[in-house]
Undergrad: 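Pasting a structure here, questions to come.
Every chain is numbered from 1, with letters handed out A, B, ... down the list of sequences.
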Amino acid sequence: MRIATWNVNSITARLPRLLAWLESTGTDVLCVQETKCSPEQFPTDQLRELGYESAVTATGRWNGVALISRVGLDDVVSGLPGGPAYDGAQEPRAVSATCGPVRAWSVYVPNGREVDHAHYAYKLEWLAALRTAVAEDAAGGRPFAVLGDFNVAPTDDDLWDPAAFVGQTHITPAERAALAALRETGLSDVLPRALKYDRPFTFWDYRALGFPKNRGMRIDLVYGNAPFAAAVSDAYVDREERKGKGASDHAPVVVDLDL
DNA sequence: ATGGCGTAACCCTTACGA
């Protein structure tokens with residue numbers, strides 16, 4: 001089966017591309033982030049016409065995640081159990097479900113904004129809660145993975161220029177330690193191939209010709225447990241989807257499994 | 001020449017993104 005993760009930066013704005021991409025790639029399970037829609041606005045009917053079921057956790061203008069599957073969508077859990085609130089509210093940043101042989105999470109980790117911002121502390125709390133929430137499944141015998149926009153570059157190799165990020169979020173030791181703690185539950189980073197250049201960046205800022213200059217970051221990650229990792233036959237970043245008018249600023253990460 | 005954007009919901013500007 002083919003499973004993927006994609007921060008679409010508004011599923012409404014991306015819908016024509018999304019539907020065409022699902023058909024052309026034959027993706028079975030897609031983890032979506034930044035739907036930026038209300039549950040009512042989510043394109044459930046259009047996806048059903050293509051043969052996909054949807055599980056949506058969204059509240060409106062900001063954030064929002066979904067799981068889209070044509071191989072089953074069972075035991076849906078909306079939100080991050082035990083997750084922290086921001087400004088008094090739980091934000092829609094996680095949804096999990098069983099899709100055929102795989103238990104999958106779609107996550108949109110908080111951005112953090114600036115290191116001294118309350119959003120940064122919230123980001124670290126959120127990642128700690130994620131670790132607690134996934135620990136049992138990560139250690140289990142069923143293929144399991146957390147896929148999504150982690151808003152952390154795991155290493156300096158995951159940045160077009162580490163010097164450009166000094167003093168900023170996404171690269172701090174505390175954020176990277178939070179990812180390491182998540183991996184300690186039994187998850188490993190499924191590293192995708194790059195289809196061009198040497199490194200598999202997944203995000204390029206819209207501004208300053210980020211994509212043409214390949215000023216990218218790898219922040220969209222697939223963290224799989226041992227049974228999941230053992231089934232991986234290929235993984236790549238579909239940078240073609242970042243091209244042209246109407247692209248998201250993130251490219252999909254695609255993983256093929258012998259399952 | 002050293003910057004260059006896109007999105008949604010609010011008004012025509014702002015918040016957010018990383």
Undergrad: Could you check whether A/Arg176 pairs with A/Asp156 (Lys NZ or Arg NE/NH1/NH2 to Asp/Glu carboxylate O, under 4.0 Å)?
TA: yes
Undergrad: By the 4.0 Å heavy-atom rule, please label A/Thr169 as base, sugar-phosphate, or nothing.
TA: nothing
Undergrad: State which of B/dT7, B/dA18, B/dA9 makes the closest approach to the side chain of A/His170.
TA: B/dA18
Undergrad: Should the ring pair A/Phe211 and A/Trp204 be called parallel, tilted or perpendicular, given that the plane angle runs from 0 to 90° and is split at 30 and 60?
TA: perpendicular
Undergrad: B/dG17, OP1 or OP2 - any side-chain N/O from A/His250 closer than 4.0 Å?
TA: no
Undergrad: Output the rounded distance in Å from CG (A/Asp249) to P (B/dC16).
TA: 16 Å
Undergrad: Would you indicate, yes or no, if B/dA18 has its OP1 or OP2 atom less than 4.0 angstrom from a side-chain nitrogen or oxygen of A/Tyr108?
TA: yes
Undergrad: Check this for me, if you would: do A/Arg215 and A/Asp161 make a salt bridge, where the nitrogen-to-carboxylate-oxygen distance has to be below 4.0 angstrom?
TA: no
Undergrad: Considering only the C1' atoms, how many Å lie between B/dC12 and B/dT7, rounded to the nearest integer?
TA: 16 Å
Undergrad: State yes or no: do A/Ile3 and A/Leu18 share one hydrophobic cluster built from I, L, V, M, F, W and Y residues joined by side-chain heavy-atom distances below 4.5 Å, directly or via other members?
TA: no
Undergrad: Take atom CH2 of A/Trp204 and atom C1' of B/dG6, then tell me their distance rounded to the nearest Å.
TA: 17 Å
Undergrad: Which word best sums up how the rings of A/Tyr86 and A/His119 line up, parallel for under 30°, tilted for 30 to 60°, or perpendicular for over 60°?
TA: perpendicular
Undergrad: In whole angstrom, what separates A/Gln168's CD from B/dA18's P?
TA: 13 Å
Undergrad: Got more than 12 heavy atoms from elsewhere within 6.0 Å of CD, A/Glu136?
TA: no
Undergrad: Over how many whole Å does the gap from A/Phe203 atom CZ to B/dT7 atom P extend?
TA: 13 Å
Undergrad: Between B/dA15, B/dG6, B/dA18, spot the one nearest the side chain of A/Trp62, thanks.
TA: B/dA15
Undergrad: Of the listed nucleotides (B/dA8, B/dA18, B/dG4), which one gets closest to any side-chain atom of A/Asn151?
TA: B/dA18
Undergrad: Would you mind reading off the distance between A/Arg61 atom CZ and B/dA15 atom P, rounded to a whole angstrom?
TA: 9 Å
Undergrad: Counting just side-chain N and O atoms, does A/Arg14 come under 4.0 Å of either OP1 or OP2 of B/dT7?
TA: yes
Undergrad: Looking at A/Asn9, I'd like to know whether one of its side-chain N or O atoms comes within less than 4.0 Å of OP1 or OP2 on B/dG6.
TA: no
Undergrad: Check every strand shown and say whether A/Tyr120 touches a base, only sugar-phosphate, or nothing at a heavy-atom separation below 4.0 Å.
TA: nothing
Undergrad: With rounding to the closest Å, how many angstrom separate the P atoms on B/dA18 and B/dA8?
TA: 15 Å
Undergrad: Closest approach to the side chain of A/Thr12, judged atom by atom: which nucleotide of B/dG4, B/dA18, B/dA8 is it?
TA: B/dA8
Undergrad: On DNA chain B, compare the nucleotides closest to A/Ile11 and A/Tyr206; which residue's is nearer the 5' end?
TA: A/Tyr206
Undergrad: Out of curiosity, A/His250 NE2 to A/Thr202 OG1, how far, rounded to the nearest 0.5 Å?
TA: 7.0 Å
Undergrad: Under 4.0 angstrom, heavy atoms only, what part of the nucleic acid is A/Asn63 near: base, sugar-phosphate, or nothing?
TA: nothing
Undergrad: Should the side chain of A/Lys245 and the base of B/dG6 be counted as holding a donor-acceptor pair, with the cut-off at 3.5 Å?
TA: no
Undergrad: Report the distance from atom CD of A/Glu34 to atom C1' of B/dT7, rounded to the nearest whole Å.
TA: 9 Å
Undergrad: Using whole Å, report how far CG of A/Asp156 lies from P of B/dA18.
TA: 19 Å
Undergrad: Report the nucleotide, chosen from B/dG3, B/dA18, B/dG6, that has the shortest atom-to-atom distance to any side-chain atom of A/Met217.
TA: B/dA18
Undergrad: Can you work out whether A/Cys37 or A/Val109 has the more 5'-proximal nearest nucleotide on DNA chain B?
TA: A/Cys37
Undergrad: Does B/dG17 have its OP1 or OP2 closer than 4.0 Å to a side-chain nitrogen or oxygen of A/Arg113?
TA: yes
Undergrad: Taking B/dA15 as the reference, what is the distance to B/dC11 when you measure between their P atoms (whole Å, please)?
TA: 13 Å
Undergrad: Using atom P of each nucleotide, how far apart are B/dC16 and B/dC10 to the nearest Å?
TA: 15 Å
Undergrad: How many whole angstroms separate atom NZ of A/Lys36 from atom C1' of B/dT7?
TA: 4 Å
